[in-house]
Amino acid sequence: MISVAIDGPAGAGKSTLSRKLASHFGFIYVDTGAMYRAVGLKFSRLGIDAELNCDIEKILADTSVDIRFVGNEQRVFLDGEDVSDEIRTPEISMMASAVSAKPPVRAFLLNTQRNLAKNSDCLMDGRDIGTVVLPNATVKIYLTASAEDRAMRRYKELCEKGQTVEYKDVFDDMVKRDYNDMHRDIAPLKQADDAIVADTTGLEFEQSFALLIELIEKGIKANENN
Ligand code: DC
């Protein structure tokens with residue numbers, strides 16, 4: 001099976017690019033961030049804030065997070081309910097980052113993520129795909145861009161969805177979330193030693209897309225020749 005791991009900080013365009021790249025290559029797309037968001041939503045619905053003063057394992061024992069595919073598109077189900085749209089808010093972004101620092105939450109999602117890559121060619125994005133989830137991935141890419149570019153992209157995305165947000169809040173949240181994701185003890189966001197860096201600062205979407213196609217094709221060929 002071919003597996004492409006794409007990791008990087010918030011707002012680097014991972015989800016949008018990955019979805020389109022998976023479709024281009026005919027691979028399934030697995031957005032692992034959506035799975036952490038679904039867990040974050042569960043805690044939020046229980047009235048728990050990002051401090052997570054609660055019995056995490058007890059809540060997880062009564063939680064299911066499933067991924068289902070409609071065509072090549074991933075939908076995320078929390079306790080049987082499709083929450084794919086509801087998880088895309090700034091509040092749930094922060095909750096996802098908070099729950100993702102907790103070892104029981106990571107253990108809870110790891111097997112599901114690995115199993116998805118076992119049976120199909122797949123493109124999986126997240127923070128620890130190349131380092132922890134799929135250490136033997138065929139191609140590993142670390143996708144990044146300047147914090148300003150990433151915050152502006154995320155700001156535009158939220159505005160297009162009709163959410164009322166300030167650019168400065170989006171920027172501050174993003175910097176805080178990056179810090180949390182890079183400094184947690186377990187599976188922190190970092191570039192895998194064998195990952196190729198793709199910096200999309202100043203690039204339009206189509207340029208980033210073309211760059212990634214080239215990197216993935218090269219990576220798959222290099223793997224075939226080994
Ligand atoms: O990619 P995203 O913004 O949807 O991810 C939401 C949060 O989930 C992010 O702040 C960190 C966490 N996450 C993670 O810890 N590991 C992953 N593989 C994917 C996401």
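Indexing begins at 1, ligand by ligand and atom by atom, following the structure's order.
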Report summary line: Rounding to 0.5 Å, atoms CG (Asn180) and CZ (Arg177) come to a distance of 9.0 Å
Query raised in the report: Are the side chain of Lys42 and the backbone N or O of Asp62 linked by a donor-acceptor pair below 3.5 Å?
Result: yes
Report summary line: Going by the 4.0 angstrom heavy-atom rule, the piece of Met35 near ligand 1 is neither
Report summary line: In short, salt bridge (Lys or Arg N to Asp or Glu O under 4.0 Å) pairs touching residues 102-116 with sequence neighbours left out are Arg106-Asp128
Query raised in the report: Starting from atom 16 (N) of ligand 1, which protein heavy atom do you reach first, and at what distance in Å?
Result: Arg106 NH2, 3.0 Å
Query raised in the report: Of the backbone atoms (N, CA, C, O) and the side-chain heavy atoms from C-beta on, which set of Ser97 has a member under 4.0 Å from an atom of ligand 1: side chain, backbone, both, or neither?
Result: both
Requested in this report: Compare Arg184, Arg127, Arg177, Gln113 and give the one whose heavy atom is closest to atom 1 (O) of ligand 1.
Outcome: Arg127
Query raised in the report: If you look only at pairs with a residue in residues 202-221, which of them pass as a side-chain hydrogen bond (donor to acceptor under 3.5 Å, both in side chains), with sequence neighbours excluded?
Result: Lys20-Glu206
Query raised in the report: Is there a nitrogen or oxygen of Asp181 sitting under 3.5 Å from a nitrogen or oxygen of ligand 1?
Result: yes
Query - Any N or O of Thr32 closer than 3.5 Å to N or O of ligand 1 - result: yes
Query raised in the report: Less than 4.5 Å apart, any side-chain heavy atom of Ile216 and any of Leu123?
Result: yes
Query raised in the report: Which residue owns the protein heavy atom closest to atom 8 (O) of ligand 1, what's the atom, and how far is it?
Result: Tyr36 CB, 3.5 Å
**Report entry** Closest candidate by heavy atom, reference atom 4 (O) of ligand 1, pool Arg37, Met174, Met124
**Finding:** Arg37
**Report entry** For Lys140, the option from Asp7, Asp194, Asp125 that meets salt bridge (Lys or Arg N to Asp or Glu O under 4.0 Å)
**Finding:** Asp194
